[in-house]
S.K.: 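Below is one structure. I have some questions about it.
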2 protein chains.
Amino acid sequence: MKRSGAATAGSVRAKGSLDRATIVSTALLLLDEVGIDGLSTRRLAAELGIKSASLYWHFKDKNELLNEMSGAMFEECLPAPNVGGANFDWAEWLAEGARAIRRTALTRRDGAQVMARPRPRAPVGRAAFEENVKTVMRSGLADMEARLTMQTLRRYAIGAALQEQSNKGGSAAVGIVGTGEEGFEFGLQVFIDGLKARLAERAKVAKSIKKRAG
Amino acid sequence: MKRSGAATAGSVRAKGSLDRATIVSTALLLLDEVGIDGLSTRRLAAELGIKSASLYWHFKDKNELLNEMSGAMFEECLPAPNVGGANFDWAEWLAEGARAIRRTALTRRDGAQVMARPRPRAPVGRAAFEENVKTVMRSGLADMEARLTMQTLRRYAIGAALQEQSNKGGSAAVGIVGTGEEGFEFGLQVFIDGLKARLAERAKVAKSIKKRAG
DNA sequence: ACCTGAACACCGTTCAAGT
DNA sequence: ACCTGAACACCGTTCAAGT
């Protein structure tokens, strides 16, 4: 009658069955219910059928937990875009990646605020990330440009989701335009147009050099 | 010997001299000292030589105060870019605006987190904002495009500053590239290239129509 | 109109102690 | 190894009461 009091919401659990991953995913579930301001260590502990002090055995502090939540959300939207056959549309692939980030952020309550946090430098996602760099380079962009492109789109997607989500409660502030979808697409397309222009210009120069040399 | 105890840091103050504006600017000063997590209503009240309960006469709650801080920071960087003579470089003007937002955010501790908050729909900045839309339209962009352009750059600048500032403490996470300055400029230039490409394309189409009609 | 005293219902975090 | 009890030093917010 004592240890069975995990009753609030979490299921009864054996003693050693609580690892970081389940804590993180429970926290993400709880986030949707109570929002980021309601996500206290005490509330989360209750959800897990545990006392809040116990969380400090698994995590250094609340920040570490929140950062891990950010990492988990990014992993949710990284696997999606991948591969590409002979006629591979890198522009659409990039756009889809950016949309996935925004969508994931908007999907859960205060999600953008979580994703705006620093992620733990994952030894995991690292490999997938490097592969994505390679994929972007199929456009013709150099290694550094590919990385900068991904960084830019990440920042833009988070920035957009953050603003869309923060204005959810109140009436639209000064300078908010169009539906969320439309507004986001505009910036996305213009940026990708810029990449294409850059590549086209480069191709032109290369051709003119070749002609002169030949 | 009783009311003179405003001694901590704030200067002694007459009774009715405390308005929202001075509270906001004091809060911004304090933010630089203690960071956003250290910015409590009690600490701020002490800085003002007041009790924390008194803040609730001036502001509905802490959120309202933080949003006003966001508004104040945006006002800091709006006045900067303006005017433009005969050979007006709208691209450079836009870029400067985006840089100003990022710079302002990075200038003070946790500034990006503050600027990421919803701003109060200011009856003030509204006029300046509409004027800026007109300025952007000198590029040839339509009204809505001009607004979307500004919105995109705002989101990107905040997104970038947010990430740069959040990674300040720890070592670089996966996918952080270049110095802050360089990384930001890349996205900025590509986006502006995209706008130019769009305008050039439009001019070409217009010319071909004219030719056909003439 | 503007501010205080005092309280309410919470926080994050630490640490000895339990099993 | 994993968790609890109990405490510490805080929070944001409310509200009667003061001036």
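To find a chain, count down the sequence lines: A is the first, B the second, and so on, and within it residues start at 1.
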S.K.: Separation of A/Y56 atom OH from D/dC8 atom C1', in whole Å?
M.R.: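 One finds 13 Å between C1' of D/dC8 and OH of A/Y56, rounded.
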S.K.: Considering only C/dC3, D/dC3, C/dC11, which nucleotide approaches the side chain of A/R42 most closely?
M.R.: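 Nearest to the side-chain atoms of A/R42, counting from C-beta on, is C/dC11.
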S.K.: Would you classify A/S40 as touching base, sugar-phosphate or nothing, given that sugar-phosphate means primed atoms plus P, OP1 and OP2, and contacts are heavy atoms under 4.0 Å?
M.R.: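 Counting heavy atoms under 4.0 Å across all strands, the contact made by A/S40 is with sugar-phosphate only.
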S.K.: For the rings on A/Y156 and B/F191, is their centre-to-centre separation under 6.0 Å?
M.R.: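 A/Y156 vs B/F191: aromatic centres not under 6.0 Å.
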S.K.: Between C/dC3 and B/K51, is there an OP1 or OP2 to side-chain N/O distance shorter than 4.0 Å?
M.R.: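 No, outside the criterion.
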S.K.: Rounded to whole angstroms, how far apart are CG on A/L44 and P on C/dC11?
M.R.: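 A/L44 atom CG is separated from C/dC11 atom P by 12 Å.
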S.K.: Let me know, please, whether A/R43 or A/A53 comes out on the 5' side of the other along DNA chain C by nearest nucleotide.
M.R.: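 That would be A/R43.
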S.K.: Distance check needed: C/dG18 P versus A/I50 CD1, whole Å only.
M.R.: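 Value for this atom pair: 20 Å.
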S.K.: For B/R119, is there an ion pair with B/E68 - N to carboxylate O distance below 4.0 angstrom?
M.R.: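 No salt bridge links B/E68 with B/R119.
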S.K.: Report yes if a side-chain nitrogen or oxygen of A/H58 is closer than 4.0 Å to either non-bridging phosphate oxygen (OP1 or OP2) of D/dC3; otherwise report no.
M.R.: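 Answer is yes, contact under 4.0 Å.
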S.K.: In whole angstrom, give the distance that lies between atom CG of B/L55 and atom P of C/dC3.
M.R.: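 Spelled out: CG on B/L55 to P on C/dC3 is 9 Å.
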S.K.: Would you call A/E33 and A/E47 a side-chain contact if the rule is heavy atoms closer than 4.5 Å?
M.R.: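 Yes. Closest side-chain heavy atoms under 4.5 Å.
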S.K.: Taking only side-chain nitrogens and oxygens of A/S54, does any of them come within less than 4.0 Å of OP1 or OP2 of D/dC2?
M.R.: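 No, no such contact exists.
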S.K.: Rounding to an integer number of Å, can you tell me how far A/L65 CG sits from C/dT13 C1'?
M.R.: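 Rounded to whole Å, this separation is 14 Å.
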S.K.: Report the distance from atom NZ of A/K62 to atom C1' of C/dT14, rounded to the nearest whole Å.
M.R.: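 For the pair A/K62 NZ and C/dT14 C1', the rounded distance is 17 Å.
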S.K.: Using the six-membered ring of A/F88, assess whether NZ or CZ of A/R138 lies under 6.0 Å from its centre and within 45 degrees of the ring axis.
M.R.: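 Yes, a cation-pi geometry.
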S.K.: To the nearest 0.5 Å, how far apart are CG in A/D143 and NZ in A/K134?
M.R.: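 One finds 6.5 Å between CG of A/D143 and NZ of A/K134.
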S.K.: Nearest whole angstrom, please: distance from the C1' of C/dG12 to the CD1 of A/I36.
M.R.: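 Rounding to the nearest Å, CD1 of A/I36 and C1' of C/dG12 are 15 Å apart.
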S.K.: Can you tell me the Watson-Crick or wobble partner of D/dA16, both distances under 3.5 angstrom?
M.R.: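 The base-pairing partner of D/dA16, which may sit in any strand shown, is C/dT4.
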S.K.: How close or far is atom P of C/dC11 from atom CG of A/L39, stated in whole angstroms?
M.R.: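 It is 10 Å, rounded to the nearest whole Å.
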